[in-house]
Amino acid sequence: MGTRDDVLVVGGGVVGLACGLALAERGKQVRVVDAGRIAGGSSHGNCGTLTPSHALPLAAPGAVGKALRWMLVPDAPLYMKPRIDPVLWSWLLRFAGRCNANMMMRSAAARIALLQASREAFPEWIASHGIDCHFAETGTDHVFRTERELQDYLPGLEALAGIGVASEVIDGADYERQEPAVLPGVVATVRFPGDASLRPDRYAAGLARALQQAGGSLVEYSEVRGIDESGDGVRVSTTTGEFLAGDVVLAVGAWSPKLARSLKLPRLASLMQPGKGYSITYDRPALAPKRPLTLQERSVCVSVWESGYRLGSTMEFSGFDTTLNRRRLDALERAAREYLHEAVGPVKREEWYGWRPMMVDDVPVIGAVPGRRRQWLATGHGMLGVSMSVATSRLLADLVTGETPALDPAPYRLERFGR
C-alpha cells in the first residue's frame, strides 16, 4: 500500500491467478487480492477435468423440462431451494428463453473457442511454470446404465462433432472388459479422447507460486469496498487498506453479483447466479477407474489422481447458503455405488462445497467494464473455470496490454446483452 502496481487482480481463484500470471508474463507488475484465502474458492474442490466435451451450454432444448422434474427433489442433480427470490426467478426466465437450438449453438461456439485454446495450451503452460498437478491426457468417459439416457444424449454428439469435438461410443460389454472398476450393467460409454484432467487444488496453488516467482504479490482476506478512477490510475479501497494500480481486473467468480451491486454494475448483477456444487475427496481406492468418469444418469463426476479420488458435481440454486447439505453429499456416494465396485476411498479427507458463477447464457464475461476506464472483467465461467483458465488469461492479457487478441473477444463482452 502506497505503491502502484501495473495491474491489480481482484479474486484469487484459478481464473484470477491465471490472469495475473499471464499479465506477469507480459512484464506487468501484478498484485492479486482476495476477500478470503487465495485458491480457496470453487477452484479448490471441483472435479479438475479439462473438457472441450462440455462445449454445449446448460441452456439447451429440453433443459427447462428436466429442471422442472428435478426442482423439488432434494437429492436430484439439479435442486432449487424453495424461496421467494425475484432475482433468481428473473434469471431463470432469461435462461429459459435461451433454451433453443440457435442460441445453444451460439453459446457453444464461444465456449469451444476458449475450451480448445486452453486444452491445446495446457501442457506447455503447466510445464513452463513447473506446476505439479497430476495433469493427464487420458480423455474422459461418460458411463450409461439406461438406454433411454443414452438415446437422449446421442444427438448432442452430432452437435459436438460439428464444432470439432471427437467422441467414441463403446458397447457396454466391451467397456466392462476395458474398465474393471465398473459394475455390470453398463449399456454403453461415450469416450471423449480429447479431454484431459488435473488436480485443481494443486493447479491453483501452482499458479499462485508461479505468480510469486514472476514477481507478483498475493494479499489474502482483503475485501474490496470501492473502486475509483484517479488521474494516475485506479484506486481500490479494501478492508486492509487502499491499493493503486494502472488497471484493475475483476475476477471474483460467483461473488460478481455482490461486487457488481456495490460498484453500480446492475446488468452484471442480474445476469449471474451462484450455482452451488459439492464434492467429497478420499484416498485413492485400490480399484479405481483408469480415467475420469461421468456417471451419466446421476450427473456425478469421478476424478482419480495419483494422490486421491473425488466424487463431485450437482447444481444447487440456494443463494449463498453456507451449509453442507448432507442429503446431497450422500447422493454422491449413493450414485457411485450404483456404478462402481469401490465407490469410495478407504479414508475420507474432505467434504466440500463451492459456488460456480453461472451466467444466463453459460458463456463467461471477459473484457472491459462498460463505461469504465482501466477496469476489466474475467468471470462467469460456470463449471469450466479450470478448463478455460489459460485461454481466458491470455485473452484478458491481450486486451489489457493492447495487443491483438488471438481469440475474437466479441462473444465474451458484457455488451452482448445490450447497452
Side-chain angles (χ1 to χ4, degrees), residues 5-9 11-34 36-52 114-140 194-220 249 251 253 281 283-284 291-292 303-310 349-350 378 381 384-398 400-401 403 406-407:
D5 298 298
D6 294 327
V7 183
L8 183 76
V9 179
V14 72
V15 170
L17 291 168
C19 287
L21 185 54
L23 286 160
E25 289 181 327
R26 312 290 176 91
K28 297 295 184 181
Q29 178 61 44
V30 177
R31 188 185 306 269
V32 175
V33 300
D34 195 279
R37 180 172 60 85
I38 294 292
S42 61
S43 312
H44 173 79
N46 67 32
C47 291
T49 49
L50 310 176
T51 48
L114 287 173
L115 287 166
Q116 290 284 35
S118 280
R119 174 64 185 87
E120 292 168 6
F122 254 108
E124 181 274 334
W125 170 259
I126 289 170
S128 65
H129 295 297
I131 300 174
D132 179 11
C133 57
H134 302 323
F135 176 67
E137 299 180 279
T138 60
T140 61
D195 288 353
S197 64
L198 50 72
R199 181 151 182 165
D201 50 347
R202 292 195 175 194
Y203 173 55
L207 290 175
R209 285 192 298 270
L211 178 57
Q212 289 177 305
Q213 290 166 0
S217 303
L218 306 176
V219 182
E220 297 184 309
V249 177
T281 304
D283 289 351
R284 182 182 173 118
R291 55 180 57 80
S303 297
V304 183
W305 311 289
E306 296 172 20
S307 60
Y309 174 86
R310 180 171 291 165
R349 296 293 179 180
E350 182 181 33
H381 293 77
L384 299 173
V386 173
S387 289
M388 294 179 171
S389 58
V390 184
T392 293
S393 69
R394 290 178 172 173
L395 174 56
L396 191 283
D398 287 339
V400 172
T401 59
E403 299 179 29
L407 294 176

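For reference, positions follow the sequence shown, starting with 1.
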A side-chain contact here means heavy atoms from C-beta on lying under 4.5 Å apart; do W305 and C133 qualify? no
What's the separation between atom OG1 in T140 and atom CG in D195, rounded to the nearest 0.5 Å? 3.5 Å
Heavy-atom side-chain proximity of L8 to R31 below 4.5 angstrom: yes
Evaluation steps, side-chain contact (heavy atoms from CB on, under 4.5 Å), between L17 and L218: CA-CA 9 Å; L17 291 168; L218 306 176; 4.1 Å; yes
Pair V386-H381, side-chain contact (heavy atoms from CB on, under 4.5 Å): steps then yes or no: CA-CA 9 Å; V386 173; H381 293 77; over 6 Å; no
Indicate yes or no for a side-chain donor-acceptor contact from S393 to the backbone of V390 under 3.5 Å, with no hydrogens or angles considered. yes
What one should report as the nearest heavy-atom pair of A378 and V249 is CB-CG1, 4.3 Å
Compare all side-chain heavy atoms of H129 with those of L207 and state whether any distance is below 4.5 angstrom. no
Any donor-acceptor N/O pair, S387 side chain to P52 backbone, under 3.5 Å: no
Whether N46 side chain and G48 backbone form a donor-acceptor pair below 3.5 Å: yes
For V32 and I38, what are the C-alpha separation, side-chain angles and deciding distance, and is it a side-chain contact (heavy atoms from CB on, under 4.5 Å)? CA-CA 9 Å; V32 175; I38 294 292; 4.1 Å; yes
Is the shortest heavy-atom distance from the side chain of S303 to the side chain of T281 under 4.5 Å? no
What are the two closest heavy atoms between A39 and A205, and how far apart are they? CB-N, 4.5 Å
For Y309 and R284 the tightest heavy-atom approach is CB-CA, 3.9 Å
How many angstroms lie between atom CG of L50 and atom CD of Q116, to the nearest 0.5 angstrom? 11.5 Å
Decide side-chain contact (heavy atoms from CB on, under 4.5 Å) for H44 and D201; before the verdict, give the C-alpha distance in whole Å, the side-chain angles of both, and the deciding distance to 0.1 Å. CA-CA 4 Å; H44 173 79; D201 50 347; 3.7 Å; yes
Taking all atoms of both residues into account, what is the closest heavy-atom pair of R291 and T138, and its distance? NE-O, 3.1 Å
Can any side-chain N or O of R26 pair as donor or acceptor with the backbone N or O of T401 at less than 3.5 Å? no
To the nearest 0.5 Å, what is the distance between CD1 (I126) and NE2 (H134)? 11.5 Å
Point-to-point distance, once rounded to the nearest 0.5 Å, from CZ of R199 to CZ of R310: 5.5 Å
Give me the atom names and distance for the closest heavy-atom approach of T51 to L384. OG1-CD2, 3.6 Å
So, taking the atom named CG in L407 and the one named CG in L396, what distance separates them when rounded to the nearest 0.5 Å? 12.0 Å
Would you call E403 and R394 a salt bridge, taking side-chain N to carboxylate O under 4.0 Å as the test? no
Roughly how far apart are L211 CG and S217 OG, rounded to 0.5 Å? 8.0 Å
Shortest non-hydrogen contact between F122 and S389, atoms and distance: CZ-OG, 3.6 Å
